[in-house]
Every structure is written in structure tokens, then in C-alpha cells.
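Note sheet for the following structure.
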Amino acid sequence: MKNMADAIESFIIGQMLAASQNAVMVQRNELADRLSCAPSQISYVLSTRFTPDKGYLVESRRGSGGFIRIVRILPDEKEPEAEPTVDEVLDYWLKNRMLTAREHALLKYLMGILAVTEEDKRQVLRQAVKKMVEAK
């Protein structure tokens, strides 16, 4: 039997797949009631399994009208071990309206002139996403 964290993660990913979207909005208390768990368990799963390193961005607003928005920021991988290229990530972000056309063009240009490896370029993007998340 799966543990509760696995069940929560599966439910959230299932919601994304069912909606054929790369984003889903949920309310922490409603999700906790639906899955018969504590809201803190939802928070734990979000903070450990839906991180920028794993290809997700989580926005949270607390209060009576609060919500949690989970967005997949990396395209689905072609092979289990292959990471998408920086160009694939940027194209994915543009296609899913996470970037404007201008931001896309600027980032593609910047990544094109960097004289570093593809892995280093991916690391630059990871760090940028982390800084954006921390700034909220």
C-alpha cells in the first residue's frame, strides 16, 4: 500500500493529467478533507515533491480564499535519464505562457552566447527559478 505522501502526489499529478494542463489549483483544506489527511501533510508533499529541481513551481495564498497553484515548468522527458535542453525548456515555457515572446527571445539569446556546457546552462535556469520563488 502507498503511503500518504505518495497518495497526495499521485492525486495532484492525476489532477494535472485529467485537466490536460500543466497547472492545477487546489485548496489545501479541501484536498486534505478529500484525502482524509492533515493539511500539514499536503504542505509536506508540496515542499518535498513539487520543487523547482523536480520541474514544478508552487504558488500559495493563505486565508479564506486561499489556494495552491502547482505548475509544471519542465516538459515531459523523452527518455527516463535524459534532461531536456535549455532550448526545449524555454520553448515549453513560451508554449505554456510562462514567458512572453520577448522574455523567450532574450533568454534564448543569453543562453546562446554563454560559453558553458548545456548542464551549466540548465543550472543557470534552475538558479533563476529558485531566486524567483524565494522573491515571492
Residue pair [X] / [Y], side-chain heavy-atom distance below 4.5 Å:
X: K54; Y: T48; value: no
X: V24; Y: I12; value: yes
X: L125; Y: K121; value: no

To the closest 0.5 Å, what do you measure between [atom1] ([X]) and [atom2] ([Y])?
X: M25; Y: I68; atom1: CE; atom2: CD1; result: 10.0 Å
X: R28; Y: I42; atom1: CZ; atom2: CD1; result: 8.5 Å
X: R122; Y: D120; atom1: CZ; atom2: CG; result: 9.5 Å
X: M111; Y: T85; atom1: CE; atom2: OG1; result: 11.5 Å
X: W93; Y: L99; atom1: CH2; atom2: CG; result: 6.5 Å
X: R69; Y: Y56; atom1: CZ; atom2: OH; result: 14.5 Å

Ion pair check, R126 and E119, cut-off under 4.0 Å: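 Yes, R126 and E119 are salt-bridged.
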Determine the minimum heavy-atom distance between [X] and [Y], stating which atoms define it.
X: V58; Y: F50; value: CG2-O, 3.3 Å
X: N3; Y: R49; value: OD1-NH2, 4.4 Å
X: A38; Y: A32; value: C-CB, 4.0 Å

same_hphob_cluster(V89, I113) at 4.5 Å side-chain heavy-atom cutoff: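 In one cluster: no.
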Hphob cluster co-occupancy, V124 + L94, side-chain heavy atoms under 4.5 angstrom: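 Not linked; separate clusters.
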Hey, can you pull the donor-acceptor pairs under 3.5 Å for the side chains in residues 102-109, sequence neighbours left out?
from, atom 1, to, atom 2, distance (Å)
E103, OE1, T100, N, 2.8
E103, OE1, T100, OG1, 3.4
H104, NE2, D91, OD1, 2.8
K108, NZ, D91, OD1, 3.0

Side-chain (E9) to main-chain (V45) donor-acceptor, under 3.5 angstrom: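 Here the side-chain-to-backbone pair does not exist.
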Y44 atom OH, over 12 foreign heavy atoms within 6.0 Å: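 Result for OH/Y44: open.
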Inter- and intrachain pairs under salt bridge (charged side-chain N to carboxylate O under 4.0 Å, His left out), touching residues 35-47, at least two apart: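 Every pair satisfying salt bridge (charged side-chain N to carboxylate O under 4.0 Å, His left out) with a residue in residues 35-47: there are none.
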